Asker: 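One structure coming up, written as structure tokens, with questions to follow.
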Amino acid sequence: MTDAGTASTIRAEAPGRVNLIGDHTDYMGGLVLPMAVQMGTAITATRGGGRIELTSARVPGLLSVPLPVQDPATVEPSWGRYVAGVAAVLGATEGLVGTVESDLPLGSGLSSSAALEVATALALGDDGSPLEVARRCQMAEQRATGVPCGIMDQLASTAGVRGHALLIDCATMEITPVPVPDRASVWVVHSGQERRLVGSAYADRRAECERAAAVVGPLPSAALERIDELDDPVARARARHVRTECDRVQDFAAALSAGDLATAGALMVASHRSLRDDFQVSTDGLDRLVEELCALDGVHGARLTGAGFGGCVVALADPGVELRGWQVHAADGARVVDVDD
Ligand code: ADP
Ligand code: MG
């Protein structure tokens, strides 16, 4: 509890996430299997006043916005749009003064944007359920960037369970934690390519999927024969990705639970090919990296992770394998830590 008139210091911590399998399915009501990771973003701040004033150790520029925020998409510095988006969605009128720290790579597919949003929501006092906070942060990202993103990143950050990946049904919002076996090590390797064109290409892909769904119904459960009959070749390929990816997520969750890393790895490779060929969100650099990693002893599979167009690959390996990247562990979701002055 905060005593009236006493400024309280708060620390809100939110993890990034890696998506093991199930990309470009969340916004079509499909299945995803991300896990929150041990790397994340923290906001340490004093609550009160009518503005948000934050500095980030990672990006230059003081963010200073008066509350309430009307139009987060025009805020400068631009990294502050994610923060302002959350303030706008929450209708925040009580501000924050403090700092943002993060050990996540930014703009690489580990959802530093969702971690920043979720940390902001908690720092501003959002005490909703993990799903409620995630929904508000998803809306904030959409308002901040104009990208019609799904809910996976924010929900993985709020609902993470240590030692587990999260099987999320984005139609029902049911979350089933799936234990990650001790014998599985998960690595994230950067392709060296900055992500490009993600915003407009993302919106295009989503519109193409919606075109297909208008004919065949919800893609995760549509009959493959009906998808194959779609006249529009682009909508057909996008729909085939979503439909087959949802099957792969389910099979992957079963394989992971059974400790069958060979099958899980093969499903990751199949997912990558589908994202490359049917969804067309891969790059030559990502394709080469997946091939190189899969050729290594002790690597069961690899695939691009996140929206694509550059950024990172996730690989599933035996313990003891060392890759040039980040070894990630499944972590708990976001939380608030009270700090005594
Ligand atoms: P990802 O979420 O995969 O890291 P995005 O492009 O969605 O990639 O989000 C990255 C953007 O989020 C950064 O360019 C920056 O604007 C903002 N951001 C994330 N974390 C921080 C941080 N700690 N400090 C400042 N800005 C951040
Ligand atoms: Mg992001």
Side-chain angles (χ1 to χ4, degrees), residues 11-19 23-24 26-27 32 34-37 39-45 52-65 72-87 96 98-123 134 137-158 188-203 206 281 283 286 304-314 325-326 328 334:
R11 184 176 164 86
E13 299 176 348
R17 67 99 188 91
V18 66
N19 190 26
D23 271 307
H24 290 281
D26 58 349
Y27 52 78
V32 294
M35 65 187 211
V37 297
M39 297 182 281
T41 300
I43 294 182
T44 309
I52 294 181
E53 288 196 358
L54 291 173
T55 54
S56 167
R58 299 288 299 278
V59 185
L62 168 71
L63 169 65
S64 178
V65 275
T74 58
V75 164
E76 295 290 345
S78 59
W79 67 265
R81 292 174 191 176
Y82 299 92
V83 172
V86 175
L96 282 178
T99 57
V100 182
E101 299 155 83
S102 183
D103 58 358
L104 285 164
L106 309 191
S108 301
L110 292 190
S111 285
S112 69
S113 62
L116 179 57
E117 290 147 13
V118 172
T120 302
L122 298 191
C137 290
Q138 174 196 15
M139 205 179 296
E141 176 139 351
Q142 294 186 349
R143 285 189 59 181
T145 64
V147 178
C149 62
I151 199 170
M152 168 172 64
D153 301 355
Q154 293 80 9
L155 191 53
S157 182
T158 59
V188 175
V189 182
H190 205 292
S191 66
Q193 286 180 325
E194 287 286 308
R195 281 187 310 169
R196 292 164 289 116
L197 291 176
V198 180
S200 57
Y202 194 106
R206 185 168 176 161
V281 292
T283 61
L286 287 166
L304 73 83
T305 184
F309 301 103
C312 288
V313 161
V314 58
W326 300 272
V328 290

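What you are looking at is a predicted structure, and each value in this text was computed from that prediction instead of being measured. Start at 1 and go down the list; that is how both ligands and their atoms are numbered.
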Asker: At their closest point, which heavy atom of Val328 faces which heavy atom of Met39, and how far apart are they?
Answerer: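 Closest approach of Val328 to Met39, heavy atoms only: CG1-CE, 3.8 Å.
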Asker: Hey, does Gly107 come in under 3.5 Å of ligand 1, counting only N/O atoms on both sides?
Answerer: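 Between Gly107 and ligand 1, an N or O pair is found under 3.5 Å apart.
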Asker: What pair of heavy atoms forms the shortest contact from Leu104 to Ala115, and how long is it?
Answerer: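 Distance-wise, the nearest heavy atoms are CD1-CB, 3.8 Å.
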Asker: Mind checking whether Leu106 contacts ligand 1 via backbone (N, CA, C, O), side chain (CB onward), both or neither, at a 4.0 Å heavy-atom cut-off?
Answerer: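 Looking at Leu106 and ligand 1, atoms from backbone and side chain both fall under 4.0 Å.
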Asker: Between ligand 1 and Ala114, is the shortest N or O to N or O distance under 3.5 Å?
Answerer: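 No; the residue has no nitrogen or oxygen that sits under 3.5 Å from a nitrogen or oxygen of the ligand.
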Asker: Can you check whether Ser113 has an N/O within less than 3.5 Å of an N/O in ligand 1?
Answerer: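 Checking ligand 1 against Ser113, an N or O pair does fall under 3.5 Å apart.
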Asker: Got a second to check how far Glu76's CD is from Leu63's CG, nearest 0.5 Å?
Answerer: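 Reported to 0.5 Å precision, the distance equals 10.5 Å.
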Asker: With sequence neighbours left out, what residues match Arg11 under salt bridge (Lys or Arg N to Asp or Glu O under 4.0 Å)?
Answerer: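 Salt bridge (Lys or Arg N to Asp or Glu O under 4.0 Å) check on Arg11 returns Glu13, Glu101.
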Asker: Please find the pair of heavy atoms, one from Val75 and one from Ala84, that lie closest to each other, and give the distance.
Answerer: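 So the two residues come closest at CG2-CB, 3.7 Å.
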Asker: Given that the side chain starts at C-beta and the backbone is N, CA, C, O, which of these parts of Ser112 lies under 4.0 Å from ligand 1, counting heavy atoms, or is it both or neither?
Answerer: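 Both of them.
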Asker: Heavy atoms only: which of Leu116, Thr41, Thr55, Val100 is nearest to atom 27 (C) of ligand 1?
Answerer: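 Shortest heavy-atom distance from atom 27 (C) of ligand 1: Leu116.
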Asker: Which atoms from ligand 1 have a heavy atom of Ser102 less than 4.0 Å away?
Answerer: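 Within the 4.0 Å cut-off of Ser102, ligand 1 contributes 23 (N).
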Asker: With a 3.5 Å distance limit and no angle check, can you tell me whether Asp153 reaches the backbone of Ser111 through a side-chain donor-acceptor pair?
Answerer: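 Between the backbone of Ser111 and the side chain of Asp153 there is no qualifying donor-acceptor contact (under 3.5 Å).
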Asker: Between Leu96 and Ala45, what is the shortest heavy-atom contact and its length?
Answerer: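 Looking at all heavy atoms of both residues, the closest pair is CD2-CB, 3.8 Å.
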Asker: Hey, looking at atom 25 (C) of ligand 1, which of Gly40, Ala115, Ser56, Cys149 has the closest heavy atom?
Answerer: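 Answer by nearest heavy atom: Ser56.
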Asker: If we set the cut-off at 4.0 Å for heavy atoms, which region of Ala57 has an atom near ligand 1: side chain, backbone, both, or neither?
Answerer: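 Ala57 to ligand 1: no contact under 4.0 Å from either part.
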Asker: If the condition is side chain to side chain contact (heavy atoms under 4.5 Å, CB included), which residues does Ser157 pass it with, not counting sequence neighbours?
Answerer: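 In terms of side chain to side chain contact (heavy atoms under 4.5 Å, CB included), with neighbours along the sequence ignored, Ser157 is linked to Ala14, Pro15, Val118.
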Asker: Which ligand 1 atoms, with their elements, are less than 4.0 angstrom from a heavy-atom of Ser108?
Answerer: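 Atoms satisfying the 4.0 Å criterion: 3 (O), 4 (O).
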Asker: In sequence, state the C-alpha distance, the side-chain angles, and the governing distance for Phe309 and Tyr202, and then conclude on ring-ring contact (aromatic ring centres under 6.0 Å, His included).
Answerer: CA-CA 10 Å; Phe309 301 103; Tyr202 194 106; 9.1 Å; no
Asker: What protein N/O/S atoms sit under 2.8 Å from the Mg ion (ligand 2), by chain and number?
Answerer: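 Result, waters dropped: Ser113 OG.
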Asker: Which one holds for Leu110 and ligand 1: side chain close, backbone close, both close, or neither close, with close meaning a heavy atom under 4.0 Å?
Answerer: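 The answer is the backbone.
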Asker: What residues form a side chain to side chain contact (heavy atoms under 4.5 Å, CB included) with Ala140, not counting sequence neighbours?
Answerer: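 Result, side chain to side chain contact (heavy atoms under 4.5 Å, CB included) vs Ala140: Val86, Val89.
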Asker: So, taking the atom named NE2 in His24 and the one named CG in Asn19, what distance separates them when rounded to the nearest 0.5 Å?
Answerer: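 The CG atom of Asn19 is 10.0 Å from NE2 of His24, to the nearest 0.5 Å.
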Asker: Do Glu101 and ligand 1 have an N or O pair less than 3.5 Å apart?
Answerer: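 So ligand 1 has no N or O lying under 3.5 Å from an N or O of Glu101.
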Asker: Less than 3.5 Å between some nitrogen or oxygen of Arg58 and one of ligand 1, yes or no?
Answerer: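 By distance alone, the answer is no.
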